[in-house]
Amino acid sequence: MNTSLKVTKYQLYYAYKGVAIFYSIIVMILFGIVILSRKWPEGVTFGGLGMATVIFIYIAGLDWFKSSFRFAVANNVPRKKFYHGTIFAMMALTVFMAFVDTVISAAAGRVISYESIAAQLYGTVTYPAEFLWSLGLYALSVCLGWLTTVMYYRAGKAARFVIFAAPVVFLILFEYIDRRTGRALSGAVIGFVQRAMGFAYNNNPLIGFLSLITGAAAILLFSYLFIRRAPVRD
Amino acid sequence: MNIIEIKGITKYYGDVKALDNVTFTMEMGKIYGLLGRNGAGKTTLLNLITNRIFPTEGEISIDGGSVYENDKMLRNIFYMTEKNLYPGDEKLKNIFKWTRQFYPSFDIDYAKGLAEKFGLNINKKVKDLSTGYTSIFKAVAALASNTGIIIFDEPILGLDANHRDMLYKEMLANYNHNPRTVIISTHLIEEVAQVLEEVVIIKEGKLVLKQSVEDLLSGAYCVTGEASKVDRYIEDRKHVGDEKIGNIKTVIVLEDIRNKDKVLAGELELELSGVQLQKLFIALTN
């Protein structure tokens, strides 16, 4: 087996327990909701379980670097192979979770009043479209988690503070510039998001999928700059 | 073949030059001792050989192929680092299994046998091991890897005298059973001298010498006696490591002993004796 695929296997081995626990909790919550909906048939609507997956998969991305990188180094795995292997693992987990979430969405929709995130944002969506859109969202989330941890790993003390503080500084600056420009900046951002996510084109989730996947790919390419010569650190 | 060629390697960490234009070759089927004082650049060199860090200048190749991000070359090297890189929450037996994934020639049964010999419980987690047993675990993994090149960086860290002796014996048995290129970097030179065939000595990032232990020790000797007489004896002779206690002086002469040397030493009432690797190392690197 190729070294990259061995890395994939290793990464997935350490993720499967977390995934199993996560879906056990989701299924328990759904059972709870089903029981509640039997008691109050008119009053219970439920949705957006995908947000939990977005958070979970982001954390999985955060957790997929330091320990596994050190183990890969202990086994003389070249950085490029580690990088490819981890991408394969991220994609495998993303496809799996998007698929399971779509199945959950389809099953829950038959029993209770349930709406997935895609359905909440785009209105009625087909299951294949929901699967693809979730796939894009989860891919972006896991890649963001991975980039965060890789950047944090490579950064010195000062740079770590910058990574930590950057979102806050960005929001403050954004608000300041937005106010100074008479809300033109936020208008431009909203316009961009509407076009990128397909809301401006007949609420097309496939455009959203393409944008999310492109974002994930860009993040992965950017991550490689940090992995390329990463040293072993404690 | 497993010939390691180190060509013009220079490595900077910021402004600090850790290695300075180091060039030498290591041949297949020998046990090398990589010796040097703290901060001499030994671990830097080993990290460069195994693609863990990258040279500022120069190139390292194995059988003509660069080691830089070269999976084929790196599959043939097992590097036991001083630092523990294994996940603390994992059991040793699982790490052996995962190591076999990356090193298909890894012999799990041999690893289990060695673990038993050393009293290493493979059902323990890495984080629960003492310093000594962490070293044993890493050394067992290295010995069982069955790669063409095995590198040990401070393999005896935290080991008691019995375990050190056992490890040297296992290293030799393993090597005799399957000759390969072995590199050992350690501070306990006198102990490891018994297993080394060649030494590579690095001082302040520069290669001081690379020679067989036999040639090195046979090409040097100690002269001991009254200080003034020793000084007379060593005039015009290449020497290192002057040691003086009271009026008695000992010097290491870097030459073969000839008959006329023995005669002169006799006339001056000086004692000539063999030199130990550790003494020679200290003299050469001080």
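Residue numbers start from 1 in every chain, and the chains themselves are labelled A, B, ... in the order their sequence lines are given, proteins ahead of strands. The shown structure was predicted, so the numbers you read here are calculated from the model rather than taken from an experiment.
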Where on K9(A) is there a heavy atom nearer than 4.5 Å to chain B: the side chain, the backbone, both, or neither? both
With distance as the sole test, does K6(A) use its side chain to make a donor-acceptor pair with the main-chain N or O of F102(B) at under 3.5 Å? no
Greater than 12 external heavy atoms within 6.0 Å of E197(B)'s CD: yes
When you look at OH of Y23(A), are more than 12 heavy atoms from neighbouring residues, nucleotides or ligands closer to it than 6.0 Å? yes
Which one of N47(B), V67(B), N51(B) has the most heavy-atom pairs closer than 4.5 Å to chain A? N51(B)
Using a 6.0 Å cut-off, check whether atom NZ of K112(B) has over 12 heavy atoms from anything other than its own residue. no
Take atom CZ of F192(A) as the centre, draw a 6.0 Å sphere, and report whether it contains more than 12 heavy atoms from other residues, nucleotides or ligands. no
Taking atom OH as the centre, does Y176(A) end up with more than 12 heavy-atom neighbours from other residues, nucleotides or ligands that are less than 6.0 angstrom away? no
Evaluate whether atom CZ of F161(A) has more than 12 neighbouring non-hydrogen atoms of other residues, nucleotides or ligands under 6.0 angstrom away. no
Y13(A) OH to E90(B) CD distance, which is reported to the nearest 0.5 Å: 5.0 Å
Given that the side chain runs from C-beta out, which part of K83(B) has a heavy atom under 4.5 Å from chain A: side chain, backbone, both or neither? side chain
Please report the interatomic distance CD1(I151(B)) to CG(N76(A)), rounded to the nearest 0.5 Å. 7.5 Å
Mind ranking K80(A), R229(A), K66(A) by heavy-atom pairs under 4.5 Å with chain B and telling me who comes out on top? R229(A)
Judged by atom type as modelled, is there a donor-acceptor pair below 3.5 Å linking the side chain of R52(B) to the main-chain atoms of V73(A)? yes
Please answer whether the main-chain N or O of K81(A) pairs with a side-chain N or O of D71(B) as donor and acceptor at a distance below 3.5 Å. no
Give the ring-plane orientation class for Y14(A) versus W98(B), where under 30° counts as parallel, over 60° as perpendicular and anything between as tilted. tilted
Other residues, nucleotides and ligands only: do more than 12 of their heavy atoms fall within 6.0 Å of CD on E116(B)? no
If you draw a 6.0 Å radius around CZ in R79(A), do more than 12 non-hydrogen atoms from other residues or ligands fall strictly inside? yes
Using side-chain heavy atoms (C-beta onward) and a distance below 4.5 Å, is V77(A) in contact with R75(B)? yes
Need one label for T81(B): side chain, backbone, both or neither, based on atoms under 4.5 Å from any heavy atom in chain A. neither
How many angstroms lie between atom NZ of K72(B) and atom OG1 of T3(A), to the nearest 0.5 angstrom? 13.0 Å
Report yes if the side chains of R70(A) and N84(B) come closer than 4.5 Å at any heavy-atom pair, otherwise no. no
To the nearest 0.5 Å, atom CZ of F71(A) lies from atom OG1 of T99(B) at 4.5 Å
